[in-house]
Amino acid sequence: MRTSFAVLLLLAPLPLAALPDQSPGVTALTHVRVIDGTGHAPVEDATVVIKGNRILAIQAGVKGIPAGAKILDLHGDTVMPGLINAHGHLALVADGQNSATAYTAENVLAELRQYESYGVTTMLSLGVNRDLLYAIRQQQRQGKLDGATVFTADRGIGVLNAAPGLPAAPDQIYRPATAAEARLDVEAMAMRHADIVKIWVDSGGGTMPAMSPEIYGAVIEEAHKHHLRVAAHVHDLVDAQSLVNDGVDVLAHSVRDKPVDQELIAAMKRRHVWDIPTFTVDESFYIYAEHPGFMQLDFFKDAVSPVLLTMWNSDAYSQKVSKDPKMAGHKADFAMDGRNLKTLYDAGVPIGFGTDSGAMPTRIPGFSEHRELEDMVHAGLTPMQAIVCATRNNAALLGIEATRGTIQPGKRADLVVLAANPLDDITNTRSIVAIFHDGRTVAPRVPVLTAR
Ligand SMILES: [Zn+2]
């Protein structure tokens with residue numbers, strides 16, 4: 001049964017942020033390097049003019065500034081579009097652990113604010129959502145609530161006693177037994193105005209039943225009937241091929257068991273199927289036990305609870321991970337993800353950007369998006385290519401390219417200002433000086449204060 005928004009609002013009292021009305025004022029960011037998200041060479045020493053929540057103009061030099069505009073001289077900083085994460089999750093973790101009771105409005109908002117404060121201005125919560133997310137989405141659209149702009153895959157469709165193996169409340173995921181039941185589940189999500197449909201197709205390396213082709217075929221058909229696209233969690237090449245042949249629109253992780261083959265590449269190109277590599281998923285199983293240098297950065301530490309930081313820095317944790325027989329498989333997955341990303345990118349398959357952050361304590365909203373960019377570059381993309389995947393491409397993947405994803409006149413003012421140039425070193429996306437989201441200024445979680 002369809003629940004009206006009025007009822008949802010009553011059921012889910014939200015801590016309203018009481019956002020001030022959008023200022024109609026004009027702000028000019030001067031002396032900035034503009035990476036506009038289109039992939040074009042950056043414009044050096046430019047001026048970006050923002051009016052209210054929109055970008056008014058981008059010009060080389062100090063020109064075109066309307067009278068009365070507030071001028072922010074940024075002395076050579078870099079401006080790029082706000083990051084868009086097309087595979088994240090919300091409120092699945094509480095007190096450093098996955099929990100079936102974590103999905104509250106307060107926890108959802110806290111994570112949306114965390115994403116936003118790391119320059120992730122838009123995110124798609126790709127399944128395992130409770131209905132209260134619609135009230136939050138609605139209030140954001142009315143300009144009443146802050147946090148990363150959220151899109152939702154509603155509950156999503158998993159398999160009984162199998163994927164996804166996350167603790168979840170009964171109203172957080174569907175696990176249909178038949179194709180007919182699956183069609184009803186899709187219809188219910190369409191009635192609530194989901195943005196996309198999520199399915200999980202994974203046998204866990206043969207340890208559990210994968211969703212049957214009969215069920216996912218029915219889901220894809222029913223979703224398309226409602227003009228909804230379908231994103232699939234996958235791991236294996238054979239499942240990816242079958243899903244693409246059946247009309248799936250997005251592979252929400254890369255194929256990681258085998259190198260992608262010409263058949264899959266040709267089918268993905270022909271059907272314009274998106275690939276979202278999620279390196280931070282594979283890495284999340286082992287990387288913190290290796291104590292990489294980034295763990296010393298405030299940019300990392302401020303995104304993680306002190307309890308987890310202490311645990312991950314302990315010798316006991318390192319020993320536990322190093323003795324886990326599954327780790328070799330996760331490292332192999334990471335390597336195959338990289339190889340397949342480079343192959344698919346070079347072949348011209350559309351590539352998006354995602355992290356699966358929020359799905360587990362080791363996948364960190366805000367931080368993981370910056371790490372994912374680094375991993376994409378490590379896999380062979382240029383910094384510019386990785387940035388375009390996370391901005392323009394993801395706006396197209398989400399169907400919001402008319403308003404977001406690039407710095408162009410008329411688009412929403414979703415901007416991240418960086419002290420250092422990410423084209424020189426992709427980890428410079430962490431040098432956040434300022435964030436604008438829908439024209440609002442947002443305090444960076446870990447602001448970089450440059451000497452001026
Ligand atoms: Zn996920």
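This one's a predicted model, so the numbers in the text were calculated from it and none came from an experiment. Whatever order the structure lists them in is the order used to number ligands and atoms, beginning at 1.
Contacts of Arg130 classified as side chain to side chain donor-acceptor pair (under 3.5 Å), with partners at least two apart in sequence or in another chain: Asp171.
With a 6.0 Å radius and a threshold of 12 heavy atoms from other residues, nucleotides or ligands, Gln142 has its CD atom above the threshold.
The pair Arg404-Asp414 counts as a salt bridge, with a side-chain nitrogen and a carboxylate oxygen less than 4.0 angstrom apart.
In summary, the aromatic rings of Phe294 and Phe299 are positioned with their centroids too far apart to meet the 6.0 Å limit. Aromatic ring centres of Phe334 and Phe285: separated by at least 6.0 Å. Between His233 and His87, the gap from one ring centroid to the other reaches at least 6.0 Å.
The Zn ion (ligand 1) has His87 NE2, His89 NE2, Asp356 OD1 as its protein N, O or S neighbours under 2.8 Å.
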